[in-house]
Amino acid sequence: MKNCLLCLTLIGYLLISCNNDNPSKNHLAQVSTDFNFDWQFQLVDTTGNTAEWKNVRLPHDWSVEASFDSINGEGATGYLPGGTGLYQKKFPLQLQPDEKAYILFDGVYNNSEVVLNGEKVGVHPYGYSPFYFDISSYLNSEKDSNLIEVKVDRTRYADSRWYTGSGIYRDVKLLVKNKLHIPIWGVFVTTPKIEEKTAEVSVSVQIKNDFPEDKKAELRTEIYNQEGQKVNDDTTPIETLGNSQTSALQSVSIENPVLWDVDNPYRYKAVTSILYDGKIIDQQETVFGVRSIRFDADEGFFLNGKNRKIKGVCLHHDGGLVGAAVPDDVWRRRLGKLKEAGCNAIRISHNPGSQAFLDLCDEMGFLVQDEFFDEWDNPKDKRKNMNEQSVDYITRGYTEHFQEWAEKDLKNTVLAHRNHPSIIQWSIGNEIEWTYPRNAEATGFFNNMGWQGNYFFSEPPYSVEQIKEKLNTLPKEKYDIGETAKKLAKWTRELDTTRYITANCILPSASHLSGYADVLDVVGYSYRRVIYDYGHKNYPNKVIMGTENLPQWHEWKAVMERPFISGLFLWTGIDYMGESNGGWPKKGTQSGLLNQAGFEKTSYHMMKTLWNDAPHLHITTQSLEKSIYKLNGAGEPVEKKENGWEKALWFWHETNEHWNYRANESTVVEVYSNCDEVELFLNDASLGRKKLADFDDHIYKWSVPFAEGELKAEGYIDGKKVDAIAQLKTAKEPHAVQLSVDKSELSANAYDVAHIVAQIVDGEGNPVRHINSEISFSISGDVKLLGVDNGSARNVQDYQSTEIVTDKGRCLLVVQSNFDAGDVTISAESEGLKTGELILKIKADK
C-alpha cells in the first residue's frame, strides 16, 4: 500500500512537471519523500550462506532478528551476528532539466556502498554519521523505474565495544530540488541576542546554483511560533554565479520570545524559501529554539541565565528488543521515564545520535551532548575495554578509516545536527587516552590500576610536575593526542561556535597537560569525581564536570557540594547490549536506571529522590542473609562493609520488589525517599518513624521479621504528611496474566508502537514477582510483531518470538501498526493461569 502511495506521489509530481512549460515557475521543486518503505533485503552470513530476499521496511537491523550465539558471537557486541546485508528498492523518478535529486541516509552500520542502476554512487564507512549523494546523473532518463542497491559489510561483527546493530538502521529520504536550491543542511539558525522582550534570530543560508548561467532570485525566511502563527519574516535579494555556491545572512526579530527550556521546550520554525520570478522553487524548514547557554569555571552551567545542575545519563543507541532500529515511540517511552526521574540531559555515547532521537530531545526538553568518536588514531580492544591487545579482523573498527574520513564525518554531523536546541555540547572523543601509551604512562595510573577501586577513588599517583616531566621525556609516538584533539576542535568550530566543545577524559591529570584539554571548552572527567577539587585548584580557569559517572548517591553528592561542577552523566540511563566479554549468558551491561525492557530498577528510584522535589517513596526488600547489611547492637541494619556506599560502583546491590519470604525470616526493608521522615507499617502496625538525616547513604532501613501481609511507607516533609505512599503486598498463588498497554490506540502509519506489559498476578490482582512462568502471546489483527523481552541482561531467548519466560513475573511485547485500520486483539496465556487479553484500536492515518 505504501508503495502505491509513493508511486502516486512521484507520478503526480512528474505529471505536473511534464505538463508545465516552465516547471520552475509553476510548482515547488522541493520534494522530500519518506524512502523507508518497500525495500528488499538479503543476508549473506559470515559463513557465506545466502538467505532468500525478503521485504523489509526501514529502519532495519538484521542482527537483532537472529538468535544469540555464544559460540559464533562476541560478548562485546551482544552475541549477535554480523554478515553482509544487501538492500534493493525500485522507484519511479524522472527529473526535469532544471532539477536535482539526492538520497539522504541518516545512518547505515556500516561500510556501506550505494549503487544506482548498476553504477556505483559512493561509499560510506562510518556507521553513525549522516551522509547523502547526488544521484541525478545515475537516474534512468527513459524508464519509469530505477533500482537502488545498498551493500552493508558487517563482517567485522566485533568492531565495537557495544552492540551496534547492522544495516540501514536509520531513516532514508529522497529529495528532489531545483538546480537553484538550498543544499542539504544548508540553513543554520542561531539566536545571538536574547532579551526579555525581543530575540534576534540569525539565519545563515547557503545557496547552490547548478545552472551554468548566473541567477538572480530572492531569499525569504518566515518565522512561525509553536502554534503555527507567523511572527516575522525577512526577504533578501540574492545573486549567484553559474555552477557556484554562495551564502546569505538574514536577521529576524521575535517579540516577547518564549524560551526553549528543559521545563518548557518551546520551539519555533524557520521556513526559508528561494523565490524565482516570484515563485517558490525551493524551501527548507528548520525547527529551532530560542535559548542561551553558558558554562562558568566557578559557578557551573546556566540555561537562559538560570544556574542549573545537569542531571544527565549516558545512552547507547540500542532500544533493547528492537536493536538499533528504534521506533520513535520506543524512545519516547524510555525518555519519558527518565524525565519522570528528573533526568534533564543525555550524553549520546559514544557516537552521533539520529535525527529522530534529537527531535525527541528537542520536543521533550533534554540537554544533549552529541559525541563524535570512540576511537581516533589508535584502536581500542573491543573485548577488554583497553588499548588494543591483538590484531583481529573481526574487531577492526573506525580507526581503519579515521585519517581519511574523520573530517567529513565530523562536519556532516555538525551540519546535520547544529539546529537542534537540545544540543549544548559537542564531544570530540570518549576515553581516548587509553590508546596513546605515552599519555597513559605519564599518569602513573594505568600500570597499577584496579577497576574495583583505586582508579575511581584515589588521587593521581604522580604530581603535576612529574606528569609534565614524563610528557616531555617519554618517546614521541606516531600520533599525538593533543594535535589530533586540536584538529577535531578546529573542524568543529569552523561550523559552529555556539556550543561548547568537550571530551570524556579518562586520564584528566594527563589530558590537562598533553594539549588535549587546551582545545576543550569543558573538560569532562570520566569516573574521576575524586579529583574535582584537584582539577579546580590546578586549572582554575577550566570548566570541568562529570561526563561519565557511577549511578550512585556519592556521585551526585560530590556535584551538589561543588558549585563549580555543572553536573554529570551517569553510566547509564538504560541497560544496553554488549560490553559483556566472556559473560555468557549475560548479553549486556546492567548499569542502567532502566533495564533493557525499559522497566525501572532500584537505582532509578534513588536518582528520582535526588533529582526531584516532588515527594517520592519506593520500597525494596531483601533477606538479611543476602543483603549488604548486618544488624548492629541495637538491632538496626548497617552496612557489612562500613561506609561501603561511598565507593559503590556501577551495579546496585541486589534488592527485591516483593514481600514473599519464609515465616519470621530476617529481612531488611529499604525505603528510597526524598521525604524528611518516613514511617513504615506492617499490616497497619508502625515499625517506627525515621529521619533521612540519620542515613548517610540516603536509604531508610528497617530490620523486619517476615510476616505475611502489607508493607506501607508514609512520608513527611517539614512535619506534614505527604500524599505519596509506597506499598508491597504478599502475593498469593499465581492466578492470571494481567495485560497493560501504554497506548491503546495507534495510527495506521506503519510507525506507531504499543508496549504491552504482561504481569503474573494472584487472585486479588497483586503482582507475583518472585515466581516466573513462560508466557505465550497471540495476536489477532494487522500489526507487526517487533518482539518480546523480559528485561534481564541474562535473557538470551530470541527477541523475534511470541513466547518468553518472565523475569520478576513480567515481560514485554512490542507491536507496530501497519497501514490498515481495525481492532487488534492481543492475548497472553500461561499454563494454569487465566489468560489476559486487551484490544488495540488502529485508526486510519490522517
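When each of I348, V414, L488, D409 is tested with F372 by the rule side chain to side chain contact (heavy atoms under 4.5 Å, CB included), just one qualifies, namely V414. T286 pairs in a side chain to side chain contact (heavy atoms under 4.5 Å, CB included) with only one of the listed residues (V203, V189, I223, I182), which is V189. Partner of Y132 under the ring pair (Phe, Tyr, Trp, His ring centres under 6.0 Å) criterion, out of W185, F105, F35: W185 alone. Partner of D282 under the side-chain hydrogen bond (donor to acceptor under 3.5 Å, both in side chains) criterion, out of H181, K100, K177: K177 alone.
Between V287 and H420 the shortest side-chain heavy-atom distance does not fall below 4.5 Å. Inter-residue side-chain proximity for N209 and N243 is flagged as unmet; no heavy-atom pair is nearer than 4.5 Å. Q355 places none of its side-chain heavy atoms less than 4.5 Å from the side chain of P130. Counting heavy atoms from C-beta on, the side chains of Y109 and R170 never come closer than 4.5 Å. The shortest side-chain heavy-atom distance between Q206 and S247 falls under the 4.5 Å cut-off. Between I148 and I103 there is a side-chain heavy-atom pair separated by less than 4.5 Å. Between Y398 and F373, the closest side-chain pair of non-hydrogen atoms falls below 4.5 Å. Side-chain contact between F357 and L315: present, with at least one pair of heavy atoms (C-beta onward) separated by less than 4.5 Å.
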Report the C-alpha distance between V252 and I254 in whole Å, list the side-chain angles of each, state the deciding distance to 0.1 Å, and finish with yes or no for side chain to side chain contact (heavy atoms under 4.5 Å, CB included).
CA-CA 7 Å; V252 186; I254 297 177; 5.7 Å; no

Given N351 and D374, is the side chain to side chain contact (heavy atoms under 4.5 Å, CB included) satisfied, shown in steps?
CA-CA 7 Å; N351 48 263; D374 186 55; over 6 Å; no

Derivation of the side chain to side chain contact (heavy atoms under 4.5 Å, CB included) call for C505 and L520
CA-CA 11 Å; C505 298; L520 304 178; 4.2 Å; yes

C314/F569 under side chain to side chain contact (heavy atoms under 4.5 Å, CB included): CA gap, chis, key distance, verdict:
CA-CA 6 Å; C314 302; F569 290 96; 3.7 Å; yes

With side chain to side chain donor-acceptor pair (under 3.5 Å) as the test, would you mind laying out the steps for N146 and Q94 before giving the verdict?
CA-CA 9 Å; N146 297 277; Q94 290 179 272; over 6 Å; no

So Y751 and N36, side chain to side chain donor-acceptor pair (under 3.5 Å) or not? Walk me through it.
CA-CA 10 Å; Y751 283 114; N36 285 340; 2.9 Å; yes

Please walk me through it: do D261 and R308 pass salt bridge (charged side-chain N to carboxylate O under 4.0 Å, His left out)?
CA-CA 11 Å; D261 192 273; R308 282 186 176 273; 3.0 Å; yes

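Under the 4.0 Å criterion applied to side-chain N and carboxylate O atoms, E149 and K151 are not assigned as salt-bridge partners. Remark: D159 engages R154 in a salt bridge, criterion side-chain N to carboxylate O under 4.0 Å. For R493 and D521, the salt-bridge test passes: some basic side-chain N is under 4.0 Å from an acidic carboxylate O. Under a 4.0 Å N-O distance rule, the pair K487/E483 does not qualify as a salt bridge. Contact check on K173 versus D171 returns no salt bridge, with no Lys/Arg side-chain nitrogen under 4.0 Å from an Asp/Glu carboxylate oxygen. No salt bridge links K208 with D134; every basic N to acidic carboxylate O contact stays at or beyond 4.0 Å.
Formation of a donor-acceptor pair under 3.5 Å by the Y87 side chain with backbone atoms of V152 is not found in this model. In this structure, the side chain of R499 engages the main chain of R418 through a donor-acceptor pair within 3.5 Å. Between the side chain of E375 and the main chain of F402, no donor-acceptor pair closer than 3.5 Å is present. Checking side-chain atoms of D752 against main-chain N and O of D329 turns up no donor-acceptor pair under 3.5 Å. Judged purely by atom type and a 3.5 angstrom limit, D214 uses its side chain to pair as donor or acceptor with the backbone of G242. In this structure, K216 contributes its side chain and P237 its backbone to no donor-acceptor pair below 3.5 Å. Between the side chain of D233 and the backbone N or O of R220, no donor-acceptor pair lies under 3.5 Å. Checking side-chain atoms of R347 against main-chain N and O of E371 turns up no donor-acceptor pair under 3.5 Å. Side-chain atoms of W260 come within 3.5 Å of backbone N or O of D362 as a donor-acceptor pair. Although no hydrogens or angles enter the test, the distance criterion places a donor-acceptor pair under 3.5 Å between the side chain of D370 and the main chain of G353.
The aromatic ring centres of Y516 and W376 sit less than 6.0 Å apart. Ring-centre distance between F41 and H60: below the 6.0 Å cut-off. Remark: aromatic rings of W162 and H317 are distant, center separation not under 6.0 Å.
Surrounding NZ of K339 are more than 12 heavy atoms belonging to other residues, nucleotides or ligands, all under 6.0 Å away. Residue-environment remark: NZ (K542) exceeds the threshold of 12 foreign heavy atoms within 6.0 Å. Residue E213 qualifies as enclosed at atom CD: its count of foreign heavy atoms under 6.0 Å is above 12.
Relative ring orientation between Y266 and Y268 is described as perpendicular, the plane-to-plane angle rising above 60° on a 0-90° scale split at 30° and 60°. W426 and H417 have parallel rings, their planes meeting at less than 30° on a 0 to 90° scale where 60° marks the start of perpendicular. Ring geometry for F301 versus F295: interplanar angle of 30 to 60°, hence tilted.
Counted by atom type alone, Q425 and T502 present zero donor-acceptor pairs between their side chains at under 3.5 Å. Looking at S129 and N412, their side chains never bring a donor and an acceptor atom within 3.5 Å of each other.
Atom CD of residue E431 and atom OG1 of residue T547 lie 8.5 Å apart, to the nearest 0.5 angstrom. Note that OG of S112 is 3.5 Å distant from CZ of F131, once rounded to the nearest 0.5 Å. Once rounded to the nearest 0.5 Å, the distance linking CH2 of W331 with OG of S354 reads 8.5 Å. Note: N140 CG to L147 CG = 9.5 Å, rounded to the nearest 0.5 Å. Distance check: K215 NZ to I207 CD1 gives 15.0 Å after rounding to the nearest 0.5 Å. Note that the CZ atom of R294 and the OG atom of S566 stand 10.5 Å from one another [nearest 0.5 Å].
Here the closest non-hydrogen pair linking A485 and I428 is O-CD1, 3.9 Å. Nearest approach of R291 to I423, heavy atoms of both residues: NH2-O, 2.9 Å. Minimum interatomic distance between G305 and S292 (heavy atoms only, all atoms of both residues): N-OG, 3.9 Å.
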